[in-house]
Participant: 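Here you go, one structure.
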Amino acid sequence: MSIFINKIKNTARSYFVGSEQKFMFEKVKSIDFPTVKNVGLYIQIPFCKDLCPYCPYNRIKYDKKLAKEFLKAILVEIEKYNKLFGRLDVSSVYIGGGTPTNLIDELGVILESVRHKFSVHGNICIETTPSDIDKSVVDKMKEYGISQVSIGVQSFQDKFLKAIGRKYEAGKLPSVIDMVLSADFDSVNTDLMFALPGQEIEDVIFDLKKAVDLKLEHITTYPLFTFPYSSVGKYLKIKKLRMPNVKVRRRMYKTIHDYFLGNGFKRVSVWAFKKGDLPRYSSVTRDYYIGLGAGAASCLPGIFYFNTFSVAEYINSLTKGKLPIAIKMNIEKSLARYYWLYWRLYDTYIPKVKLMELFDCNDMKFLFLLKTGKIFKLFEENKENIYLTERGSFWVHLMQNYYFLDYVNKVWSIAMKNPWPERIKI
Ligand SMILES: C[S@@+](CC[C@H](N)C(=O)[O-])C[C@H]1O[C@@H](n2cnc3c(N)ncnc32)[C@H](O)[C@@H]1O
Ligand code: SF4
């Protein structure tokens with residue numbers, strides 16, 4: 001079955017992107033940076049006090065001494081990019097992880113340096129977890145000028161928190177959420193997970209209702225992705241838990257979509273829904289960005305770079321005054337536009353003017369994609385935009401499973417084992 005799926009995947013990939021595009025990350029021998037004037041900054045803080053078994057991200061157990069060394073290293077990295085690019089215009093800063101608030105004091109120093117070396121004029125977003133939140137953490141986030149916060153709640157029910165190995169109790173969540181909401185950030189997002197082991201539709205509705213009752217107005221719902229290299233497979237076997245199948249996931253997605261729309265929310269990405277005027281919280285939709293921290297990626301015109309995933313090697317490199325970039329992939333024009341299209345699908349709409357600019361309107365392959373999508377009611381359109389329908393969103397979710405997460409899985413699992421891989425073919 002997986003050979004068959006791989007065959008379809010590879011054929012579709014060469015059909016759209018072209019066989020001339022090499023899908024290969026290679027060890028970086030010399031680093032060339034294209035000219036950019038305006039970028040996002042992504043800061044990867046790879047520490048967590050508790051390591052969740054399902055988690056695919058590059059993170060290690062929090063360690064005070066290592067966190068101190070990491071801080072020194074990231075300050076050198078900021079300095080190096082400043083030397084390379086000068087005082088770059090930074091349109092937004094995203095602090096992800098791991099759990100960035102594990103290093104709440106260090107973050108003050110990091111952001112001070114970022115502001116000193118770059119011209120930051122956009123929002124500053126951070127991810128956090130309920131067990132990290134208390135008044136002093138919230139006050140510090142405000143003091144640092146952080147404008148958008150995302151809390152990884154996952155579920156409001158102890159049985160599911162336990163099933164996925166989260167270490168806090170559901171009873172703590174209302175006061176945590178209230179504390180963050182009362183602090184007057186521009187936007188507060190909450191992550192919930194569905195398709196959890198043993199979860200039924202009623203359980204999903206329970207979590208959605210709880211989130212809405214707590215006055216959350218920006219909610220992102222992810223199905224539990226099982227990455228082969230995370231320990232969730234083994235963990236589920238030990239616990240003898242049952243995962244919902246694709247049919248149930250389809251019903252869950254529709255339930256979530258209809259629930260939010262019925263409660264005055266609108267869809268702002270395949271996974272996220274928001275209500276009212278608060279700005280959209282998003283981690284992934286910047287055009288170009290520079291990644292700082294162990295395992296961070298940079299996406300620049302024509303090229304992707306990945307820092308080494310090893311925290312020790314990351315620190316080691318920067319201590320020696322070397323950028324910790326391990327691998328790169330050249331992005332040919334054909335891939336760049338499908339990459340752009342992928343993220344517009346994630347946004348759930350495609351602006352037609354930009355689309356026409358990037359794609360030749362006579363590009364038969366592209367027209368085929370669009371026409372087929374319309375026949376199967378995956379898209380709708382008006383004068384300005386092509387919109388993804390609810391059904392279309394579900395298919396993007398499946399595509400994410402089969403393409404993107406598969407690539408992420410390959411690259412990340414090799415990069416986590418080998419700090420300086422020679423080559424990763426995807
Ligand atoms: C890097 S985590 C950051 C938040 C924080 N570390 C936490 O866990 O609360 C970002 C979000 O990714 C989602 N996530 C993590 N692993 C996932 C998986 N295997 N499948 C689906 N979503 C996942 C969770 O909803 C989580 O809140
Ligand atoms: S899910 Fe969040 S808290 Fe858990 S290990 Fe991953 S990054 Fe850390």
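Here the structure is a predicted model, which means the values were calculated and not measured.
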Participant: Is a side-chain donor-acceptor pair under 3.5 Å present for Arg166 with Thr129?
Facilitator: yes
Participant: Between Tyr94 and Tyr42, how do the two ring planes meet: parallel, tilted or perpendicular, split at 30° and 60°?
Facilitator: parallel
Participant: To the closest 0.5 Å, what do you measure between CG (Asn189) and CG (Leu278)?
Facilitator: 9.0 Å
Participant: To check you understand the geometry: which heavy-atom pair defines the closest contact between Ile110 and Leu75, and what is its length?
Facilitator: CA-CD2, 4.2 Å
Participant: ring-ring contact (aromatic ring centres under 6.0 Å, His included), that's the test. Do Phe160 and Phe206 meet it? Break it down for me.
Facilitator: CA-CA 12 Å; Phe160 297 113; Phe206 178 93; 9.3 Å; no
Participant: Do the side chains of Ile124 and Tyr144 get nearer than 4.5 Å, heavy atoms only?
Facilitator: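 They are not in side-chain contact.
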Participant: So Phe118 and Val93, do their side chains get closer than 4.5 Å, heavy atoms only?
Facilitator: no
Participant: What distance separates Phe379 CZ from Thr348 OG1, expressed to the nearest 0.5 Å?
Facilitator: 11.5 Å
Participant: Begin with the C-alpha distance, continue with both residues' side-chain angles, and end with the deciding distance and a verdict on side chain to side chain contact (heavy atoms under 4.5 Å, CB included) for Val39 and Phe85.
Facilitator: CA-CA 11 Å; Val39 289; Phe85 290 101; over 6 Å; no
Participant: So, for Ile331 and Leu300, which heavy atoms are closest and what is the spacing to 0.1 Å?
Facilitator: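 So the two residues come closest at CD1-O, 4.4 Å.
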Participant: What do you reckon, is CH2 of Trp395 surrounded by more than 12 foreign heavy atoms closer than 6.0 Å?
Facilitator: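 Atom CH2 in Trp395 is not crowded, with 12 or fewer foreign heavy atoms closer than 6.0 Å.
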Participant: Return yes if some donor-acceptor pair links the side-chain N/O of Lys80 with the main-chain N/O of Lys322 below 3.5 Å, else return no.
Facilitator: no
Participant: Sorted by first residue and then second, give each side-chain hydrogen bond (donor to acceptor under 3.5 Å, both in side chains) pair with at least one member in residues 302-311; sequence neighbours left out.
Facilitator: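 Every pair satisfying side-chain hydrogen bond (donor to acceptor under 3.5 Å, both in side chains) with a residue in residues 302-311: Glu77-Asn307.
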Participant: So, taking the atom named CD1 in Ile256 and the one named OG1 in Thr221, what distance separates them when rounded to the nearest 0.5 Å?
Facilitator: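 Interatomic distance, Ile256 CD1 to Thr221 OG1, rounded to 0.5 Å: 4.0 Å.
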Participant: Is Lys117 atom NZ crowded by more than 12 heavy atoms from other residues, nucleotides or ligands, each under 6.0 Å away?
Facilitator: yes
Participant: Can you give each donor-acceptor pair under 3.5 Å made by side-chain atoms of residues 171-188, sequence neighbours left out, with the distance rounded to 0.1 Å?
Facilitator:
from   : atom 1 : to     : atom 2 : distance (Å)
Ser175 : OG     : Lys172 : O      : 3.1
Ser182 : OG     : Asp178 : O      : 2.5
Ser187 : OG     : Pro279 : O      : 2.8

Participant: Please check if atom NZ in Lys135 has more than 12 non-hydrogen atoms from other residues, nucleotides or ligands closer than 6.0 Å.
Facilitator: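 Counting neighbours around NZ of Lys135, 12 or fewer heavy atoms of other residues, nucleotides or ligands fall under 6.0 Å, so no.
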Participant: In this structure, are over 12 heavy atoms from other groups packed under 6.0 Å from Asn382 atom CG?
Facilitator: yes
Participant: Angle between ring planes, Phe309 versus Phe306, binned at 30° and 60°: parallel, tilted or perpendicular?
Facilitator: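 Phe309 vs Phe306 ring planes: tilted.
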Participant: Taking everything shown except Lys377 itself, do over 12 heavy atoms lie less than 6.0 Å from its NZ?
Facilitator: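 Count not over threshold, so no.
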Participant: When you measure from the side chain of Asp203 to the backbone of Glu200, do you find a donor-acceptor pair of N or O atoms at a distance under 3.5 Å?
Facilitator: yes
Participant: With a 4.5 Å limit on heavy-atom distance, are the side chains of Ile31 and Leu323 in contact?
Facilitator: yes
Participant: Is Tyr253 reaching over with its side chain to a backbone N or O of Glu390, donor-acceptor style, under 3.5 angstrom?
Facilitator: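 The answer is no, because no donor-acceptor pair under 3.5 Å joins these two groups.
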Participant: Could you walk me through whether Met141 and Ile133 pass the side chain to side chain contact (heavy atoms under 4.5 Å, CB included) test, one step at a time?
Facilitator: CA-CA 10 Å; Met141 291 195 289; Ile133 297 289; 4.2 Å; yes
Participant: Hey, are the side chains of Ile45 and Leu107 touching, using non-hydrogen atoms and a 4.5 Å cut-off?
Facilitator: yes
Participant: May I ask you to decide whether Arg344 forms a salt bridge with Asp347, counting only side-chain N to carboxylate O separations under 4.0 Å?
Facilitator: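 Between Asp347 and Arg344 there is a salt bridge, with a charged N closer than 4.0 Å to a carboxylate O.
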Participant: In Å and rounded to the nearest 0.5 Å, what is the OG to CD distance from Ser131 to Glu169?
Facilitator: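 Reported value, rounded in 0.5 Å steps: 11.5 Å.
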Participant: If you compare all heavy atoms of Cys299 against all heavy atoms of Phe304, which two are closest, and at what distance to 0.1 Å?
Facilitator: CB-CE2, 3.7 Å
Participant: Quick check on the 6.0 Å ring-centre criterion: do Phe260 and Phe273 meet it?
Facilitator: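 Yes, they do, as the ring centres are separated by less than 6.0 Å.
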Participant: Under the salt bridge (Lys or Arg N to Asp or Glu O under 4.0 Å) criterion, do Lys140 and Asp105 qualify, and how do the steps go?
Facilitator: CA-CA 8 Å; Lys140 282 180 185 159; Asp105 292 324; 2.8 Å; yes
Participant: If we ignore hydrogens and angles and just use 3.5 Å, is the side chain of Arg59 paired with the main-chain N or O of Cys52 as donor and acceptor?
Facilitator: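 Judged by distance alone, yes, a pair lies under 3.5 Å.
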Participant: Taking side-chain hydrogen bond (donor to acceptor under 3.5 Å, both in side chains) as the test, write out the residues that go with Trp420, two or more places apart.
Facilitator: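 By the side-chain hydrogen bond (donor to acceptor under 3.5 Å, both in side chains) rule, Trp420 matches Glu313.
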Participant: Please check this pair: side chain of Gln44 against backbone of Gly291, looking for a donor-acceptor N/O pair closer than 3.5 Å.
Facilitator: no
Participant: Just checking, any donor-acceptor pair under 3.5 angstrom between side chains of Asn123 and Ser147?
Facilitator: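 The answer is no; no qualifying pair exists.
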Participant: With rounding to the nearest 0.5 Å, note down the distance linking CG in Leu111 to CD1 in Ile126.
Facilitator: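 Leu111 CG to Ile126 CD1: 7.5 Å, rounded to 0.5 Å.
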Participant: Parallel, tilted or perpendicular, judged at 30° and 60°: which one describes the rings of Trp271 and Tyr222?
Facilitator: tilted
Participant: With distance as the sole test, does Thr389 use its side chain to make a donor-acceptor pair with the main-chain N or O of Gly392 at under 3.5 Å?
Facilitator: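 Side chain of Thr389 to backbone of Gly392, a donor-acceptor pair under 3.5 Å: yes, one is there.
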Participant: Taking side-chain hydrogen bond (donor to acceptor under 3.5 Å, both in side chains) as the cut-off, I'd like each qualifying pair that reaches into residues 254-267, sequence neighbours left out, listed once.
Facilitator: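 Sorted result for residues 254-267: Lys254-Asp258, Arg267-Ser393.
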Participant: Could you check whether any side-chain heavy atom of Glu127 comes within less than 4.5 Å of a side-chain heavy atom of Tyr57, counting everything from C-beta outward?
Facilitator: no
Participant: Identify the heavy atoms of Pro421 and Ile414 that sit nearest to each other, and give their distance.
Facilitator: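 Result for this residue pair: CB-CG2, 4.2 Å.
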Participant: Go through the steps to decide whether Leu66 and Ile315 satisfy the test side chain to side chain contact (heavy atoms under 4.5 Å, CB included), and finish with yes or no.
Facilitator: CA-CA 9 Å; Leu66 208 55; Ile315 294 170; 4.0 Å; yes
Participant: How close do Phe194 and Met252 get, counting heavy atoms only, and between which atoms?
Facilitator: CD1-CB, 3.8 Å
Participant: Could I get the full list of salt bridge (Lys or Arg N to Asp or Glu O under 4.0 Å) partners for Asp132, not counting sequence neighbours?
Facilitator: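 By the salt bridge (Lys or Arg N to Asp or Glu O under 4.0 Å) rule, Asp132 matches no residue at all.
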Participant: Look up atom CG in Leu355 and atom CD1 in Ile350, then write down how far apart they are to the nearest 0.5 Å.
Facilitator: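 With rounding to 0.5 Å, CG (Leu355) is 6.0 Å from CD1 (Ile350).
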Participant: Mark yes or no for whether Asn58, through its side chain, and Pro46, through its backbone, hold a donor-acceptor pair below 3.5 Å.
Facilitator: no
Participant: Quick one: which residue pairs count as a ring pair (Phe, Tyr, Trp, His ring centres under 6.0 Å) with a foot in residues 60-82, not counting sequence neighbours?
Facilitator: Phe33-Tyr81, Phe47-Phe70, Phe70-Tyr314
Participant: Which of parallel (below 30°), tilted (30 to 60°) and perpendicular (above 60°) describes Tyr387 and Tyr349?
Facilitator: tilted
Participant: Judged by atom type as modelled, is there a donor-acceptor pair below 3.5 Å linking the side chain of Lys215 to the main-chain atoms of Glu217?
Facilitator: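 Side chain of Lys215 to backbone of Glu217: no pair is present.
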Participant: Would the number of heavy atoms belonging to other residues, nucleotides or ligands and lying under 6.0 Å from CD of Glu381 be above 12?
Facilitator: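 Yes.
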Participant: I want to check something: taking the side chain as every heavy atom from C-beta on, are Lys210 and Leu192 in contact at a cut-off of under 4.5 Å?
Facilitator: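 No; the side chains remain at least 4.5 Å from each other.
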Participant: Ignoring hydrogens, what is the shortest heavy-atom contact between Met193 and Gln199? Give both atom names and the distance.
Facilitator: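 Nearest pair, atom of Met193 first, then Gln199: O-NE2, 3.9 Å.
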Participant: After noting the C-alpha distance and the side-chain angles of Glu69 and Lys65, does the key distance pass the side chain to side chain contact (heavy atoms under 4.5 Å, CB included) rule?
Facilitator: CA-CA 7 Å; Glu69 291 173 25; Lys65 186 168 163 278; 3.4 Å; yes
Participant: Any chance NZ of Lys142 has more than 12 other-residue heavy atoms, nucleotides or ligands included, within less than 6.0 Å?
Facilitator: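 Yes, the 6.0 Å shell around NZ holds more than 12 heavy atoms from other groups.
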